Amino acid sequence: MNDLSNGLISPAPQSRASALRHAIERPELSFLMEAHSGLSAKIVEEAGFGGIWASGLSISASLGLRDSNEASWTQVLDVLEYMADATTLPILVDGDTGYGNFNNVRRLVRKLGERNIAGVCIEDKLFPKTNSFIGEEQPLAEINEFCGRIAAGKDSQTSDDFILVARVEALISSRPMEEALRRAEAYHAAGADAILIHSKKTDAKEIFEFCRRWGNRAPVVIVPTTYYPTPTDLFREAGISTVIWANHLMRASIAAMRETARMIHDEQSLVNVEGRVTPVKEVFRLMGNAELEEAERRYLPETPRPRAVVLAASGGDLGELTRDRPKCMIDVRGQSLLARAVATFADSGVRDVTVVRGFAKEAVALKGIRTVDNDRFADTGEAYSLAQADAVLSGELVVSYGDVLFRNYILESLLSSAADVVLAVDASKRSDARERDLVLADHGFSGNYLDDAPAQLLRMGSDLGAEASGEWVGLARFSATGTAWLREEIAALEAEGLLETADLPLLLSRISAKHPVRVKYFTGHWMDVNTLADVADARNFT
Ligand code: SPV
Ligand code: MG
């Protein structure tokens, strides 16, 4: 295994090129592993390789194309950019024939430098090329013409250490060894930094013969795809510089994708596949999501998010249904009232929910909520419960009873209000209204389109009777300022010895005596659960 460590390679273009140069020129055997995408490049780096072979065959195949220059060279360049961005490794690009003559090679090499690519390999064939393993006796470039491509490439490099590997296809095209050596010598003289001697034999005899006769005049690179059984130590002994494992991640991905697709198709289920595929979490890790989260903390302005406090301490009065759980945990079509309320909050971006528990507190269980306890629930009221949530009584706040269901738009409308304190009030006179939640406002509900004057709370209380403007839904929203008023009033109640007995209507009435408290009217689309009949109704509430 090559010992180029990722940590030593900085992504700067010059250092990537020098890392590749070091890998190719050092006496020990180096390895380049094929990649064809940002993802596979990351996998190569994590596996511990010191460099990448950007295979033409694999890049074409991953684009669904043949290895016959069907992808344009700029399309290949785009893939290379993703690969270079995804890793810190040096990349040796399979540049095919250089996509034309010397002039195309010049432009290619300049552009590769701009994309942070460490080197290119060009082969002595003609554009458009085809893969070396297809057909026999493919036509080769004329030696002098190919030397011109090499010289033009070297003259165009933007980094001193940029590597140009000249690939000799003579053996592939069944030309004699003498021609392979002659070509290698000419290409070396034209400026190539290394010679890739390619073979499609199933053993490495001709490769070893080439090496013997070449005598290391320039580093030798090989691609043992067809002579893969050859022990790697023999390559070391032959003095080879670099082995390219040319296409094995692309081929591995075909095998894995095929098997996964077959199973899902045949079984119409993911059940047997899930344990065989990479977990989504691992995909996030591989792509560096942790870094993005850290950057978000650094660069995104903190957007204060509204919190909610749900009051659910008191014992229920619904017989068997609330014998061992508070009302908020009553099941309504497979979901507790609390779960429904929390989901409605989440829909409106209120994700920080604190539930004040008391009666049967162990029964209040829901993922993602915080809880605080009012262990004196039996002889205290709502204001006292709310005071137990002291730690979260800051910033924008929604306060809700634990036994109400309400449509999302009611909450949305409170959240978008400009008022510092705003109550959702049902203007329809319900015959079973909770008397203590009755509301008197300075302005009654009007269905008149032109009447948009905001209503202000005058007071709440059970003595309002027919005078009431409506009934509080059990849902209030406070701006940061409104929450500060709420805290002040809780402190005032405490100072007066009233905190333990006060309910929310008293607390809200007292705030409204000092500060404006807005009333927002609705009609229907919410419900509280006070009686068994309500439970039955709730089960019809969608
Ligand atoms: C490639 O990986 O695209 C190569 C190597 O050029 S080979 O397919 O063996 O020709
Ligand atoms: Mg190729």
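Model, not experiment: these values are computed from the prediction. Atoms within each ligand, like the ligands themselves, are counted from 1 in listed order. Numbers for residues simply follow the sequence, beginning at 1.
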Under 4.0 Å between a Lys/Arg side-chain N and an Asp/Glu carboxylate O for [X] and [Y]?
X: E178; Y: R182; result: no
X: K111; Y: E114; result: yes
X: E137; Y: R175; result: no

Quiz item: For the Mg ion (ligand 2), how many protein N, O or S atoms come closer than 2.8 Å?
Solution: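 Protein heteroatoms (N, O, S) closer than 2.8 Å to the Mg ion (ligand 2) number 1.
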Quiz prompt | Over all atoms of both residues, closest heavy-atom pair of T242 and L29 | solution =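 For T242 versus L29, the nearest heavy atoms are N-CD1, 4.1 Å.
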Quick one: pull up [atom1] in [X] and [atom2] in [Y] and give me the separation to the nearest 0.5 Å.
X: E25; Y: L20; atom1: CD; atom2: CG; value: 9.5 Å
X: L108; Y: R149; atom1: CG; atom2: CZ; value: 11.5 Å
X: R305; Y: R307; atom1: CZ; atom2: CZ; value: 12.5 Å

Exercise. Below 4.0 Å from any atom of ligand 1, which residues have a heavy atom? Give them in chain and number order, please.
Key: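 Residues W53, S55, G56, L57, D94, N131, S132, F133, R167, H198, V223, A246 each place a heavy atom under 4.0 Å from ligand 1, listed by chain and number.
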Quiz item: Mind checking whether H188 and W214 have parallel, tilted or perpendicular rings, split at 30° and 60°?
Solution: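 Ring orientation, 0 to 90° scale: perpendicular.
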Quiz item: F345 vs F406 aromatic rings, parallel, tilted or perpendicular, using cut-offs 30° and 60°?
Solution: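 If you compare the ring of F345 with that of F406, the planes turn out tilted.
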